[in-house]
2 protein chains.
Amino acid sequence: MTATRKPAASDPPAMSYGLLPDLLGFHLRRAQVALFRHFAHSVGTAADITPGLFGMLQVIAANPGLAQSRLAEAMEVERSTIVKVADQLEARGLIERVPSAVDRRSHCLELTETGRGELARIEGLVLAHEADLTAKLTPAERQTLTRLLIRLAE
Amino acid sequence: MTATRKPAASDPPAMSYGLLPDLLGFHLRRAQVALFRHFAHSVGTAADITPGLFGMLQVIAANPGLAQSRLAEAMEVERSTIVKVADQLEARGLIERVPSAVDRRSHCLELTETGRGELARIEGLVLAHEADLTAKLTPAERQTLTRLLIRLAE
DNA sequence: TATTGTTATACTCTATAACTATA
DNA sequence: TATAGTTATAGAGTATAACAATA
């Protein structure tokens, strides 16, 4: 049995969320807020990075020489949005814009040596964050959750 | 068996997402993006509302006479953020700011008659959106997903 | 002193539209 | 004509800090 206490007359009336608890989007949002907070506290304070920037860095690392427009497609954002992301990562010395050898309009994004080192460090932090966050679930539950989310997004 | 075709030499190389598919946050985000798109196409075009505004309206409707500061706490945003939300909903004639009888600093948020009608209509659209979105899942899977998301957010 | 609503301001993330240099 | 990167600009959504009125 869970710990309870006698409700006092001075208690604020319990808040109702109406229909929201019946909606998947409500729980999806709450889970994401919880994850962002956990990420900010664990990874963010140790490495000054957000989930979004980390995602960009991952895709750049996994696809050496990726053009900015291809990154935009992969992340499902506008080309123009990538400019500032690349500016930021370049200003921090994590990536380089290398002119393409075959298309002079195109910039190939590449991790720098610094970027490779930083990314390795951040990956360690992210994996620890992931393990900590999902410690509430069994491995089977974690896999079930991932699979259901994938099917929802398809 | 799934339909396939012979890969052509001109195919772009398959994009890799690196570590991202191993991370819950990646799938959480994709699911939320998919849900937002679906909401925008189904509910949004018929009622000019976003998931965020709908959530605010739900909590106001479910807690008549709620003060702005209490709404801010319930939605986990700053007091000052609520001002614009209330402005918007009031400008659309959906809610009213009623001066509190017991605390002259406080504004009690109340649905107008128009607001009640509109909310009822929007709720219908939202429930249809929810049913359509989750048609990919069995009722048991839907419940499992909700439960796992709740445990993740706890 | 603390709280309520408000304003002014700013920051992040994103999009649109127009520009240039290539293709 | 179409594409790659860029710029300028704007719109959500959010936060911080300060203020007047009130508790």
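Here is how names work: the chains are called A, B, and so on, in the same order as the sequence lines, proteins then strands, and each is numbered from 1. Just so it is clear, the values below take in all heavy atoms, side chains as well, and ignore hydrogens, waters and symmetry mates.
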Atom pair distance, as rounded to whole Å: CZ in A/F36 and C1' in D/dG13: 13 Å
Which sits closer to the 5' end of DNA chain D, A/S69 or A/R29, going by the nucleotide each is nearest to? A/S69
From CZ of A/R97 across to P of D/dA4 the rounded distance in Å is 15 Å
For atom NE2 of B/H107 and atom P of C/dT3, their distance in whole Å: 18 Å
Heavy atoms only, 4.0 Å cut-off, all strands: where does A/V83 land among base, sugar-phosphate and nothing? base
Looking at CG of B/L152 and CG of B/L28, how far apart are the two atoms once the value is rounded to the nearest 0.5 Å? 7.0 Å
Do the side-chain N or O atoms of A/Q68 get closer than 4.0 angstrom to the phosphate oxygens (OP1, OP2) of D/dT6? yes
Using modelled atom types and a 3.5 Å cut-off, is there a donor and acceptor pairing between side-chain atoms of B/T112 and backbone atoms of B/G93? yes
Would you kindly give the CD-to-C1' distance between A/E76 and C/dT14, to the nearest whole Å? 14 Å
Rounded distance (Å) that lies between atom C1' of C/dG5 and atom CD of B/E96: 17 Å
Given protein heavy atoms under 4.0 Å, the one-letter contact record of nucleotides 16-23 of chain D, with B base, S sugar-phosphate only and - none, is simply B----BBS
Spacing of CZ belonging to B/F39 relative to CG belonging to B/D132, to within rounding of 0.5 Å: 13.5 Å
When rounded to whole Å, the CG to P distance for the pair B/L71 and C/dG5 reads 10 Å
Could you check A/M56, A/Q88, A/E90 and say which one makes a side-chain contact (heavy atoms from CB on, under 4.5 Å) with A/I95? A/E90
Here the salt bridge (charged side-chain N to carboxylate O under 4.0 Å, His left out) pairs for residues 26-46 of chain A, sequence neighbours left out, are A/R37-B/E76
Categorize A/A67 for me: base, sugar-phosphate, or nothing, with a 4.0 angstrom heavy-atom threshold over every strand shown. sugar-phosphate
If you compare every side-chain N and O of B/S106 against the phosphate oxygens of C/dG5 (OP1, OP2), does one of them come in below 4.0 Å? yes
Can you list the residues that meet the side chain to side chain donor-acceptor pair (under 3.5 Å) rule with A/R105, with sequence neighbours excluded? A/D103
What is the separation between atom CD1 on B/I82 and atom C1' on C/dT6, rounded to the nearest whole Å? 13 Å
